[in-house]
Engineer: 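Quick one: the structure is below, and I'll ask about it shortly.
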Amino acid sequence: MSLQLYNSLTNQMETFESLEPGVVRMYSCGPTVYDFAHIGNFRSFLFGDLLRRTLELFDYQVHHVMNITDVGHMVEGETDKMSEAANRMKVNKKSGRVPEGAVEDPNDPYQIADYYTNAFLEDARKLGYKIASEYPENVPKATDHIEGMQGMIKRLIERDHAYVAEDGVVYFSVESFPKYGELSGNTLEKLQSGAGGRVSDENQSRKRHPADFMLWKPDQHHVMKWDSPWGVGYPGWHIECSVMASELLGRDVIDIHTGGEDLIFPHHECEIAQSCGASGAESFARYWIHARFLMVEGEKMSKSKGNFFTARDVFNGDATGSEVHPAVLRYELIKSHYRANMNFTKKGLEDSSGVVKRMLDFEARLEQETGGQAAEVDLSHPVLSKFAAALSSDLNISEALAVVIPWLRQEHRDPRESLAVWRAVNSVLGITDITEESAGGDPIFDQVQQWGEEMKEARSRKDWDASDAARQKIIDAGYEVQMVKDGGVVITKSLA
RNA sequence: GGCGCUGUGGCCGAGUGGCUUAGGCACAGGUUUGCAAAACCUGGUACGCGGGUUCGAUUCCCGCCGGCGCCUCCA
């Protein structure tokens, strides 16, 4: 089965072929760790996860790497993201929102980075993001690869792709790399004509070309700094990905590179320039796959609009008013096509919870009927072949789900075969292996069970008023009640 | 201004030059039920606007209008 993917590099659909048969080397741009990752980040990360799992369904062995950006790069106004995080951390520590002992010293950027790295990994694992379980071997931190970055910068200088400017800053010379602009369409001419008044500040005059970008900046005052041949300072933002991709994947040319669409320019354009400039290879990644942005209730997510949600805001109910099971958030974030704008809504989350519940019930029933003994199936199975065909068409998840969901409802005469099919489907969707870790510690769980007993007892007396009262209390507590034929009552926590 | 994506029924969201032309949610009717819920069965409505190509277009082409992203830190 041939996998079609939309390649941002060529702006067209292409048939995927790996460089080495049966093996895929894939890199995803990961999170910055100055704050909790938000649902938009996870939409992009989970798209990478879906791609990886799809490749695995097609029997590729996937070596997937994702970085953690823990260097606080300078931003406009000379504020370092790590210093900002430190200030936030101090406030949060005072108000008790950061657990005791989690961050001893808010002025230590490594502690802050560790804190948010752990939070990210925790959220990512809850969401079934496979690579989060491969930390640290496939999830490198930028600060652990400073030496490699310096090596690549040296090589770029040797090969005349980079230079040290009057102010001591090392810049990449975009004019030395004719292909600059190939990915984003922002060629040098276009950049110049569209630049307007944005690039005419003091720093620009020291560059040979306004689009030249920083590789190393000597700066004694930066919160994170390292010794280097160009003075004590810190690396540019783009160099880390070029370095970690080649170091961890062991190749100058990799198969797939993923990220959010906003990274196309300048980040990925610059990665290509650096990697190809240093290696001399024709290309860096052969397929560039980008996910579209996530909207919230029809609007761009932004802090000022109050619709800016982290994954944990959604889990704990701060986003929608009720707690959300991680599997539901995962489903919600992967259920629409990665190259379409996705609209995150409370309604969508409720829809998703219904589907997730159906999947969980379905799997539980089959596991019970078969004792967990699945038959052998492969992609030639009618359901799987349709499912795989849909995914092979540029990850058409909607069509794939349209194959699976109605199938769940059908009569399953051969539960062992159905279980095997389901396991293959779920190896891509990753829904039912997310277990309910959060519900175990629910303080009102015992109370709710107590109401359930009351309800059952009242029903046996046909005391409908008492039964209804107990039922209402359970529902108000955020649980669902199901009657069973023999007079029993089954209580489940609402998924969203 | 430049580059790219996009506009489908009440909502979300696939797809196709003509063939009973997804799926989900919601809604309506039904089965079930003490009443509900859940579950199951049944049902309806669509292709932004204007041209063109064609025997025939929601699907191809052109124009227009609208939405979104990037061009500056950002998944």
Engineer: Distance check needed: B:A75 C1' versus A:Asn341 CG, whole Å only.
Structural biologist: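 Going from A:Asn341 (CG) to B:A75 (C1'), I get 13 Å.
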Engineer: Would you call the rings of A:Tyr180 and A:Phe265 parallel, tilted or perpendicular if under 30° counts as parallel and over 60° as perpendicular?
Structural biologist: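 The arrangement is perpendicular - the two ring planes meet at more than 60°.
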Engineer: Classify A:Leu294 by what it touches in the nucleic acid, base, sugar-phosphate, or nothing, heavy-atom distance under 4.0 Å.
Structural biologist: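 Result for A:Leu294 = base.
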Engineer: Tell me which of A:Lys347 and A:His337 sits closer to the 5' end of RNA chain B, going by the nucleotide each one is nearest to.
Structural biologist: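 Of the two residues, A:His337 wins.
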Engineer: On RNA chain B, check which nucleotide each of A:Tyr331 and A:Arg459 is closest to and give me the residue with the more 5' one.
Structural biologist: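 Final value for this comparison: A:Tyr331.
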Engineer: Is a donor-acceptor pair below 3.5 Å formed from side chain A:Asp351 to base B:G13, judging by atom type as modelled?
Structural biologist: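 Checked by distance alone, the answer is no.
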Engineer: Has the side chain of A:Arg471 got a donor or acceptor atom sitting under 3.5 Å from an opposite partner on the base of B:A36?
Structural biologist: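 By the distance-only test, yes, there is a pair.
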Engineer: Can you measure A:Leu51 atom CG to B:A75 atom P for me and round it to whole angstrom units?
Structural biologist: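 Value for this atom pair: 19 Å.
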Engineer: Could you measure between the two C1' atoms, the one in B:U6 and the one in B:C64, and give it in whole Å?
Structural biologist: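 16 Å, rounded to whole Å.
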Engineer: Atom NE2 of A:His238 to atom C1' of B:C74: distance rounded to whole Å?
Structural biologist: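 Answer to the nearest Å: 12 Å.
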Engineer: For the base of B:C70, is there a side-chain donor-acceptor partner from A:Arg292 under 3.5 Å away?
Structural biologist: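 Side chain to base: no pair present.
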Engineer: In terms of relative ring orientation, are A:Phe213 and A:Phe172 parallel, tilted or perpendicular, with 30° and 60° separating the classes?
Structural biologist: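 The rings of A:Phe213 and A:Phe172 lie parallel, inter-plane angle below 30°.
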Engineer: How far does the P atom of B:G13 sit from the matching atom of B:G17, given to the nearest Å?
Structural biologist: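 My reading of the P atoms in B:G13 and B:G17 gives 23 Å.
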Engineer: If only side-chain N and O atoms of A:Asn396 are considered, is one of them under 4.0 Å from the OP1 or OP2 phosphate oxygen of B:G15?
Structural biologist: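 For B:G15, OP1 or OP2 has a side-chain N or O of A:Asn396 closer than 4.0 Å.
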Engineer: Identify whether NZ of Lys or CZ of Arg in A:Arg43 sits under 6.0 Å from the centre of the six-membered ring of A:Phe344 and within 45° of that ring's axis.
Structural biologist: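 Ring-cation test returns no.
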Engineer: Classify the nucleic acid contact of A:Gly259 as base, sugar-phosphate or nothing, counting any heavy atom under 4.0 Å across all strands shown.
Structural biologist: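 It contacts sugar-phosphate atoms only.
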Engineer: Using the P atoms only, state how far B:G48 lies from B:U59, rounded to an integer number of Å.
Structural biologist: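 One P to the other, the span is 8 Å.
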Engineer: Provide the distance between the two P atoms, one in B:C49 and one in B:G66, to the nearest whole Å.
Structural biologist: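 Those two atoms are separated by 15 Å.
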Engineer: Got A:His267 and A:Trp237 here, is their nearest side-chain heavy-atom distance under 4.5 Å?
Structural biologist: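 The answer is yes; the side chains approach within 4.5 Å.
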Engineer: Contact class for A:Ser28 (heavy atom, under 4.0 Å): base, sugar-phosphate, or nothing?
Structural biologist: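 Nothing: the residue A:Ser28, judged by heavy atoms under 4.0 Å, touches no strand.
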Engineer: Which of the following nucleotides, B:G69, B:G24, B:G34, is nearest to the side chain of A:Arg409?
Structural biologist: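 In terms of side-chain proximity for A:Arg409, the closest of B:G69, B:G24, B:G34 is B:G24.
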Engineer: Show your working on salt bridge (Lys or Arg N to Asp or Glu O under 4.0 Å) between A:Lys126 and A:Asp123 and close with a plain yes or no.
Structural biologist: CA-CA 5 Å; A:Lys126 274 192 190 170; A:Asp123 293 346; 5.4 Å; no
Engineer: Round to the nearest Å and state the distance from A:His290 atom NE2 to B:C71 atom P.
Structural biologist: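 Rounding to the nearest Å, NE2 of A:His290 and P of B:C71 are 13 Å apart.
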Engineer: Looking at every strand, decide which applies to A:Tyr338 at a 4.0 Å heavy-atom threshold: base, sugar-phosphate, or nothing.
Structural biologist: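 A:Tyr338: no heavy atom of the nucleic acid under 4.0 Å.
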Engineer: When rounded to the nearest Å, what value does the distance between P atoms of B:U8 and B:C35 take?
Structural biologist: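 Taking atom P in both B:U8 and B:C35, they lie 42 Å apart.
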Engineer: Can you check the A:Glu332 CD to B:C11 C1' distance for me, whole Å?
Structural biologist: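 Distance check: A:Glu332 CD to B:C11 C1' gives 13 Å.
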Engineer: Taking pairing as Watson-Crick or G-U wobble with both contacts under 3.5 Å, can you name the mate of B:C5, or confirm there isn't one?
Structural biologist: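 Pairing partner: B:G67.
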Engineer: Applying a 4.0 Å non-hydrogen cut-off, can you work out what A:Phe293 is touching in the nucleic acid: base, sugar-phosphate, or nothing?
Structural biologist: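 Contact class for A:Phe293: base.
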Engineer: Report the distance from atom CG of A:Leu183 to atom P of B:G4, rounded to the nearest whole Å.
Structural biologist: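 Value for this atom pair: 12 Å.
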Engineer: When rounded to the nearest Å, what value does the distance between C1' atoms of B:G9 and B:G52 take?
Structural biologist: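 Pairwise C1' distance, B:G9 against B:G52, rounds to 27 Å.
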Engineer: Please tell me whether A:Phe42 and A:Phe120 form a close aromatic pair, meaning their ring centres lie under 6.0 Å apart.
Structural biologist: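 So the answer is yes for these two rings.
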Engineer: Let me know the distance between NZ of A:Lys357 and P of B:C40, rounded to the nearest Å.
Structural biologist: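 For the pair A:Lys357 NZ and B:C40 P, the rounded distance is 11 Å.
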Engineer: With rounding to the closest Å, how many angstrom separate the C1' atoms on B:C47 and B:A57?
Structural biologist: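 After rounding to an integer number of Å, I get 11 Å for this pair.
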Engineer: For B:C65 versus B:U72, give the span between their C1' atoms, rounded off to a whole number of Å.
Structural biologist: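 Each nucleotide's C1' atom is 30 Å from the other's.
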Engineer: Identify whether any heavy atom of A:Arg461 sits under 4.0 Å from a base atom; if not, whether one sits that close to sugar-phosphate; answer base, sugar-phosphate or nothing.
Structural biologist: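 Answer is nothing: A:Arg461 stays at 4.0 Å or more from every strand.
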Engineer: In Watson-Crick or G-U wobble terms, both distances under 3.5 Å, what is the partner of B:G56?
Structural biologist: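 Partner of B:G56: none found under 3.5 Å.
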Engineer: Between the base of B:A75 and the ring of A:Phe45 - centre-to-centre under 5.5 Å, planes within under 30° - is that a stack?
Structural biologist: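 Here the ring of A:Phe45 and the base of B:A75 are not stacked, as the 5.5 Å and 30° limits are not both satisfied.
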Engineer: Counting heavy atoms from C-beta on, name the nucleotide in B:G69, B:G23, B:C12 closest to the side chain of A:Ala402.
Structural biologist: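 From the listed options, B:G23 comes nearest.
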Engineer: Do A:Thr69 and A:Thr32 get their side chains close enough for a donor-acceptor pair, meaning under 3.5 Å?
Structural biologist: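 No pair is found: no donor N or O on one side chain lies under 3.5 Å from an acceptor on the other.
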